[in-house]
Structure formats: C-alpha cells, structure tokens
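Just follow the structure's listing: the first ligand is 1, and inside any ligand the first atom is 1. Residues: numbered from 1 along the sequence shown.
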Amino acid sequence: MDTYQIICEDRIYELLEEGKKATKEEVLEIIEKARDCYGLSLEEAATLLQVEDDEVMEKLFDAARYIKDRIYGNRIVIFAPLYTSNECTNNCLYCGFRAANQRLHRRTLSVEEIVHEAQAIEKQGHKRILLVCGEDPKKTHIDHIVDAVKAIYQGADIRRINVNAAPMSVEDFKKLKRAGIGTYQIFQETYHRETYGKMHPSGSKADYDYRLTAIERAFEAGIDDFGIGVLLGLYDYKFDVLATLMHSQYMDARYNVGPHTISIPRLRPALDSALKETPYPVSDKDLKKIVAVYRLTVPYTGIILSTRERAELRDELLNLGVSQISAGSKTNPGGYEEDDREATQFETSDERSLDEMLQVICEQGHLPSFCTACYRANRTGEAFMELAKDAHIHEFCQPNAILTFKENLVHYGSEATRAKGEKMIAEELEKIEDEKIKKETIERLKRIEKGERDLY
Ligand code: SAM
Ligand code: SF4
C-alpha cells in the first residue's frame, strides 16, 4: 500500500501555511460553525491550530466545552492501565522500557500475576482496563496478551479490556478480537517520517509504514474500535495534530469509521531516557488548544487524558473536551501490588487515588462513568459512530453512567465520595427527559442498592 495516501507531509505543511493567513473574523466563523457538531475540515483545523490570540482562544475553549456537553453530556469515563511487561526489544529514545536501558528492573508478569493486578485495580472500583506492554517477541507475544485478556475477564470483575500493543499481523489481530477486547490503541508517536526514524533507531518499531497500517490490519481482522494519538513533544505539535486528523479522516472516508478515541500523551521524564530534553516542548496552553481543536474537528471521538499530566491541569482539561481519564495509575508491571520506581515506563504526575478523583470530578459538575455497555451490546465501529455523530449516544450513556457510578459507590466508595456521588446522581436523574427511561433507571438504582451488579 502507498502510505502517502494516508499521510501526505507536503499537504500538511501547505495547510498550516494557509491557516496562518486567515483573518480573525474567518477564525471566529470556523469556531461558530463547529458548534453545529458536524466536525471540521482539515483546512479549518489547520487554521485553528494557528490561533495564538487569547481572546480567540477563549472562544475556541467555549466552543469545545459546548460541543463536549452536547455530544457526551457531563460524563467522564474512567479507566486504569495494567502493564503486563516492561521487556522490550525496541529502542524508542524517549521510553524507560527501551532495550538499551540497563538500569530498568525488567519483569514480565505471569498470567496469574496479571489477574492479581486486575483484582487490585478492581478493588479501587475500576471496571475498565487498558492493557499495556513492551514489545518482545519471546515475552509479550500475542498468546501472552490473549491469555491475559481471557484470564482477567474470568478472574476479576473487569468488563472492558482495551489493549495498547505493538502492531501485529492480521492473524494475530484475529486472536485479539476473539479474546473479546474493546478498543485497540496504537500511537504513531510522530507522523513526521524523518523524526520517526531518529526516535526509533532499531527494532521492529523502526518500520514507520508497518505501524501506520496497523489499524487497517486490525479492521481486516474484525476489530472496528481503534484509538490513535501522537506523543506530544517529539515534533512540532501542529504538524502532528493535523496528521492525526488526516489519519482519522482517511479511516472515516475509507471505512466509514473514525477513531473511537484520540489520546494526548505528552512526553514525560523516563528512567535513562536517551532524550536529554524535549525536542519540541508543548506548553500547557498548547495542550489546551490541542484538546479543543480535536473536540471541534472530530466531535464524536473520545479524548483520553492520562496521569502524565499534573492534577490542576487535568482538572482544567476536563472542562475543555476530554471525555476519558485514567486514575490511580501505575506504569510498572506489578505496580498495583508493589511500587518499583526503577521499573516504570515514565513518571506520572497526578498521584490522586480513584476515590479522590471521583470527588473532584463530581465537584466540577461531571458525572463519573464506569460504563462498558456499548461493546457488549454490539454498539461498536460504524454502529457506534452513527449514534455518536447524531448525538444519540447520549440517550444510552446517561442512564448507564448513573447506574455504573452507583454500583461503584455502593461497593467501593468512601463516605465522602458516597455523599458527593449520591447528590450528583440525584441531580442527573432529574435531567433524564424520557419518563420511561427515568422510571427504569430509578428501579435499577434500587436493585443496585440491594447488591445487584452490572445492570445496563
Ligand atoms: N510498546 C508498545 C508501543 O510502543 O506501541 C505499546 C505501548 S507503549 C508501552 C505506550 C505508549 O507510551 C507509547 O506508544 C508512547 O506514546 C508512550 N510513552 C513512551 N515513553 C513515554 C514517555 N517518556 N512519556 C510519555 N509517554 C511515553
Ligand atoms: Fe518498547 Fe513501546 Fe517503550 Fe518503544 S514505547 S521502548 S516499543 S515499550
């Protein structure tokens, strides 16, 4: 396949140059148009990426808040990463797991240990896990991942497992699909070929095209929910954000399915990183703009924020269009049972526990959701996109968010979280307009109070 059909660097530079020429009025018109929630073109996204004026930026943020609210309501979906291994044969300059790092304590968890980790995560109250691992053909091969997924579903009350793993063959993706994963996530890191080459000097990850085409192989294998992103800080963020959107629009045009999620990881210090400084620093203000531009351009796509960012900024970004966050995370294999800083992939910044996070989310007027109903009700890929694009997904999600949050409060919540959570649930119930759905939700809440689980 000619991968220049997916990412055309010259076109990206051209669009960014054109974007600089827009007048303030033209930029404001684009922001106004985005409020229709039908998304924006690459030309329009490029123009918004060039915004520096504080007053215009505020308008951009306002529109992002408005769109997030219209499409997702005030829900914030919550998950935790589970690292199964930090062994890796690649040498990504920025990563603590890179093969050349002699100081890292290496460990690949057995399937039994993985289930223990999942149980420890569940004990915090989580229902969604993102499985993450290094790439080592002998240690983190597909059978290890598949065995882990199956064992977690059997051994813990975890209801959705998403996977962030190296690109693989169609045959291996089929195995992953059969194991029942939710979203397959893969970050291109940077879409800029030359920088990609420098950052990934050896190992199988050095192959840019094999990585770029991974999602199409996943599709061929029947996995229709995918997540993408770039590692912000490796190259000019304007180029990489626009390239992410180009990739997204390519998938949408060809398969009628855009990304289920876009992640916004920003480069963090890592043990023995080969990068002594961030090549292209992304400021907090830039990061806010990035979230807003994604929200306006692909309104139906979830935006994922991890604990790489510090608490205050995370709280701010929640208001700008982020729809999923991780909480209480550890980035070393076995981390939920034993913290080993010499085994982590990178340093996290937001150390708040899930329980603390739930209180903050409620205080800010958001509704925490542990919902995993969609993929179990076959609302994935194109079916999900159709509902999301028409803003109908809201009708399923709101009651499910309330029910899963209630279940969390009953079984795991501290007294303070329960008090804040119950108040939030009462307010959210009032917002359900359909009387039949409201009545059903109230009945289900009573059943959950009596100990029933997983009602959706
Ligand atoms: N090893 C697989 C791969 O590289 O695709 C699976 C996931 S890797 C462990 C997860 C992601 O962590 C990478 O795609 C990269 O974007 C991110 N990452 C690596 N080093 C990082 C760092 N120092 N700071 C922030 N994120 C980092
Ligand atoms: Fe290995 Fe992934 Fe880290 Fe690269 S980013 S060194 S492939 S774990």
Side-chain angles (χ1 to χ4, degrees), residues 81-102 104 106-108 130-142 144-145 148 162-168 172 176 181 183-191 195-196 198-208 210-215 218 226-235 237 240 244 261-282 287 304-310 326 329-333 335 341 343-350:
L82 192 169
Y83 280 71
T84 58
S85 172
N86 61 9
E87 300 197 66
C88 194
T89 49
N90 288 317
N91 254 316
C92 315
L93 299 190
Y94 46 81
C95 179
F97 294 175
R98 71 197 174 97
N101 182 354
Q102 301 286 333
L104 191 82
R106 303 272 171 188
R107 184 173 176 197
T108 296
L130 173 67
L131 219 61
V132 189
C133 57
E135 182 179 5
D136 182 330
K138 292 206 180 89
K139 303 280 176 74
T140 65
H141 46 76
I142 185 66
H144 188 255
I145 301 176
N162 299 331
V163 173
N164 183 322
M168 48 190 99
D172 285 355
L176 211 51
I181 67 154
T183 307
Y184 170 64
Q185 202 182 69
I186 182 165
F187 306 151
Q188 187 65 23
E189 319 297 10
T190 172
Y191 286 92
T195 307
Y196 188 94
K198 283 188 204 148
M199 294 293 158
H200 307 101
S202 61
S204 50
K205 194 160 164 180
D207 189 341
Y208 176 104
Y210 190 67
R211 195 166 180 91
L212 187 63
T213 50
I215 289 159
F226 66 94
I228 56 177
V230 284
L231 184 52
L232 296 163
L234 296 186
Y235 188 61
Y237 77 85
D240 267 332
T244 307
T261 54
I262 292 182
S263 300
I264 49 164
R266 190 161 55 157
L267 193 61
R268 294 282 305 149
L271 180 76
D272 219 14
S273 165
L275 290 182
K276 293 307 156 220
E277 54 189 31
T278 301
Y280 286 82
V282 174
L287 193 61
I304 302 185
L305 174 65
S306 74
T307 55
R308 287 173 180 87
E309 301 303 336
R310 42 178 225 291
S326 51
S329 306
K330 303 288 175 201
T331 68
N332 61 303
R341 300 242 156 201
T344 56
Q345 190 191 13
F346 52 80
E347 291 171 17
T348 52
S349 294
D350 186 348

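- Considering F346, F97, Y83 only, the shortest heavy-atom separation from atom 22 (C) of ligand 1 involves F346.
- Of all protein heavy atoms, the one closest to atom 24 (N) of ligand 1 is R268 N, 2.9 Å.
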*Could you go step by step and tell me if N90 and E135 meet the side chain to side chain donor-acceptor pair (under 3.5 Å) rule?*
CA-CA 7 Å; N90 288 317; E135 182 179 5; 2.6 Å; yes

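- Only the backbone of R266 comes within 4.0 Å of ligand 1, counting heavy atoms alone; no side-chain atom from C-beta on gets that close.
- Numbered from 1 in the order shown, with element, the atoms of ligand 2 that lie under 4.0 Å from a heavy atom of C88 read 1 (Fe), 6 (S), 7 (S), 8 (S).
- The nearest protein atom to atom 4 (Fe) of ligand 2, hydrogens excluded, is given as C92 SG, 2.2 Å; this is a heavy-atom distance.
- Using a non-hydrogen distance threshold of 4.0 Å, C133 registers as a contact of ligand 1.
- If you look at R211 next to ligand 1, the close heavy atoms, those under 4.0 Å, all belong to the side chain.
- Using a 4.0 Å cut-off between heavy atoms, F187 contacts ligand 1 through its side chain alone, with no backbone atom that close.
- Atom 1 (Fe) of ligand 2 has no N, O or S atom of C95 closer than 2.8 Å.
- Using a 4.5 Å heavy-atom cutoff, the side chains of C92 and H200 are in contact.
- The side chain of V132, and not its backbone, has at least one atom closer than 4.0 Å to an atom of ligand 1 (non-hydrogen atoms only; side chain from C-beta on).
- Counting heavy atoms under 4.0 Å from ligand 1, residue P269 does not touch it at all.
- Shortest contact from atom 18 (N) of ligand 1 to any protein heavy atom: Q345 NE2, 3.6 Å.
- Taking the six-membered ring for Trp and the full ring otherwise, F226 and Y184 have centroids separated by 6.0 Å or more.
- Between N86 and A343, the closest heavy-atom pair is ND2-O, 3.2 Å.
- If you check which protein heavy atom lies closest to atom 4 (O) of ligand 1, you get K205 NZ, 2.8 Å.
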